[in-house]
Amino acid sequence: MLTLTAIDTVVRAALDEDAPWGDVTSEVLIPADAVATAQLVAREPGVFSGGPVFASAFRLTDQRIDVRLFVADGAAFKPGEVLAEASGPARGILQAERIGLNFVQRMSGIATLTALYVAETAGTRARIVDTRKTTPGLRAIERHAVRSGGGHNHRFSLSDAVMAKDNHLAVLTAGGLGLTEALLQVRDRISHTTHLEVEVDRIDQIEPVLAAGVDTIMLDNFTPEHLAEGVRLTAGRALVEASGGVSLATVRAIAESGVDIISVGALTHSVRSLDLGLDIAVLEG
């Protein structure tokens with residue numbers, strides 16, 4: 001998902017936003033022949049993500065800048081650890097530093113938060129997955145960060161699967177069709193390769209949905225006790241996803257209900273960027 005083309009497209013847009021006519025500060029303060037070495041240093045512990053994105057910010061600013069990554073995406077790090085180093089023309093390093101930091105701080109924040117959720121569900125069958133509650137235009141890099149933290153990805157876009165939620169079902173059944181019959185018609189209209197997921201918010205909806213042969217049933221805002229009942233009623237006929245009300249305080253109980261998937265919007269919509277710094281180690285001119 002996170003190809004070099006996808007990375008460069010996002011990073012180039014960010015660089016253009018930040019310096020549409022160049023970095024006037026560096027151009028007037030820094031000699032053109034000045035050379036710098038800067039280190040990406042962790043100010044707090046976490047899980048790293050975004051190395052290739054960080055490197056892209058410098059490469060697209062000035063191809064003469066060399067970036068070395070000392071940790072891989074998905075690796076845990078401690079405060080004070082040097083995660084990467086950029087060497088080359090000082091003007092380019094100073095121009096690219098904020099964009100490079102913005103991406104790697106956010107991505108590492110997502111990876112770190114995801115890793116906490118994954119740790120809370122250890123020993124259960126549940127997968128931690130993200131949602132479409134991503135920053136517009138940044139979905140590919142944010143979802144890569146989720147994988148760096150040990151999580152998994154939900155459908156990437158509206159084009160990837162059929163997911164019927166409560167509003168869809170309200171419209172679908174407005175003409176008098178029963179839930180099962182309406183979903184069977186949906187199944188007839190889609191390819192055998194297209195995944196069909198349906199959201200329910202009541203126990204009594206589970207059997208009518210399963211009778212339509214869905215692939216995944218999403219139990220929305222169910223208590224852990226009702227989730228366990230939903231898993232029992234489903235009896236392996238579909239994957240069971242839990243959604244809504246998921247936090248670090250609740251995720252363990254949700255996982256222990258026996259669900260297969262736990263979707264967590266907070267992984268991307270409420271994350272805190274990690275404190276990483278870019279320290280100039282050497283400046284020559």
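Positions are given from 1 along the sequence.
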Just by distance, do the side chain of [X] and the backbone of [Y] share a donor-acceptor pair under 3.5 Å?
{"X": "E241", "Y": "I262", "answer": "no"}
{"X": "S108", "Y": "Q105", "answer": "no"}
{"X": "S257", "Y": "A253", "answer": "no"}
{"X": "D73", "Y": "G51", "answer": "yes"}
{"X": "T112", "Y": "V47", "answer": "yes"}
{"X": "D215", "Y": "E197", "answer": "no"}
{"X": "T250", "Y": "G245", "answer": "yes"}
{"X": "D18", "Y": "L15", "answer": "no"}
{"X": "E44", "Y": "D275", "answer": "yes"}
{"X": "R139", "Y": "R132", "answer": "yes"}

Any ion pair linking [Y] and [X] (charged N to carboxylate O, less than 4.0 Å)?
{"X": "R202", "Y": "D166", "answer": "no"}
{"X": "R252", "Y": "E120", "answer": "no"}
{"X": "E207", "Y": "R237", "answer": "yes"}
{"X": "R127", "Y": "D260", "answer": "no"}

Can you give me the closest heavy-atom contact between [X] and [Y], atom names plus distance?
{"X": "I280", "Y": "A38", "result": "CD1-CB, 3.8 Å"}
{"X": "F222", "Y": "I203", "result": "CE2-CD1, 3.7 Å"}
{"X": "V67", "Y": "A86", "result": "CG2-CB, 4.1 Å"}
{"X": "R43", "Y": "G277", "result": "NH2-CA, 3.6 Å"}
{"X": "L29", "Y": "P31", "result": "O-CD, 3.8 Å"}
{"X": "T121", "Y": "A126", "result": "OG1-O, 4.2 Å"}

Please check if the number of heavy atoms outside H195 that lie under 6.0 Å from its NE2 is greater than 12.
yes
Reported [atom1]-to-[atom2] distance for the pair [X] and [Y], which is rounded to 0.5 angstrom:
{"X": "K165", "Y": "S243", "atom1": "NZ", "atom2": "OG", "answer": "5.5 Å"}
{"X": "Q39", "Y": "T37", "atom1": "CD", "atom2": "OG1", "answer": "8.0 Å"}
{"X": "D62", "Y": "R91", "atom1": "CG", "atom2": "CZ", "answer": "11.0 Å"}
{"X": "L276", "Y": "L83", "atom1": "CG", "atom2": "CG", "answer": "6.0 Å"}
{"X": "L2", "Y": "M107", "atom1": "CG", "atom2": "CE", "answer": "6.0 Å"}
{"X": "T61", "Y": "R12", "atom1": "OG1", "atom2": "CZ", "answer": "10.0 Å"}

same_hphob_cluster([X], [Y]) at 4.5 Å side-chain heavy-atom cutoff:
{"X": "I190", "Y": "F156", "value": "no"}
{"X": "I254", "Y": "V231", "value": "yes"}
{"X": "L101", "Y": "I93", "value": "yes"}
{"X": "V11", "Y": "L69", "value": "no"}
{"X": "I261", "Y": "V264", "value": "no"}

Contact list for residues 33-65, test ring-ring contact (aromatic ring centres under 6.0 Å, His included), sequence neighbours left out:
F54-F58
Does anything in residues 71-122 pair up under ring-ring contact (aromatic ring centres under 6.0 Å, His included), and if so which pairs, sequence neighbours excluded?
none
Measuring only between side-chain heavy atoms, which start at C-beta, is [X] closer than 4.5 Å to [Y]?
{"X": "V53", "Y": "V104", "value": "no"}
{"X": "L196", "Y": "V198", "value": "yes"}
{"X": "I206", "Y": "L219", "value": "yes"}
{"X": "D201", "Y": "N221", "value": "no"}

Would you check, one step at a time, whether the test side chain to side chain contact (heavy atoms under 4.5 Å, CB included) holds for L233 with L210?
CA-CA 9 Å; L233 291 171; L210 292 174; 5.5 Å; no
For [X] and [Y], does a side-chain donor sit closer than 3.5 Å to a side-chain acceptor?
{"X": "D8", "Y": "S56", "answer": "yes"}
{"X": "N102", "Y": "R98", "answer": "yes"}
{"X": "T3", "Y": "T5", "answer": "no"}

Residues 170-183, side-chain donor-acceptor partners within the protein, below 3.5 Å, at least two apart:
residue, atom, partner, partner atom, Å
T173, OG1, L169, O, 2.8
T180, OG1, P208, O, 2.7

Identify the residue among V129, I110, D130, T268 that makes a side-chain contact (heavy atoms from CB on, under 4.5 Å) with R143.
D130
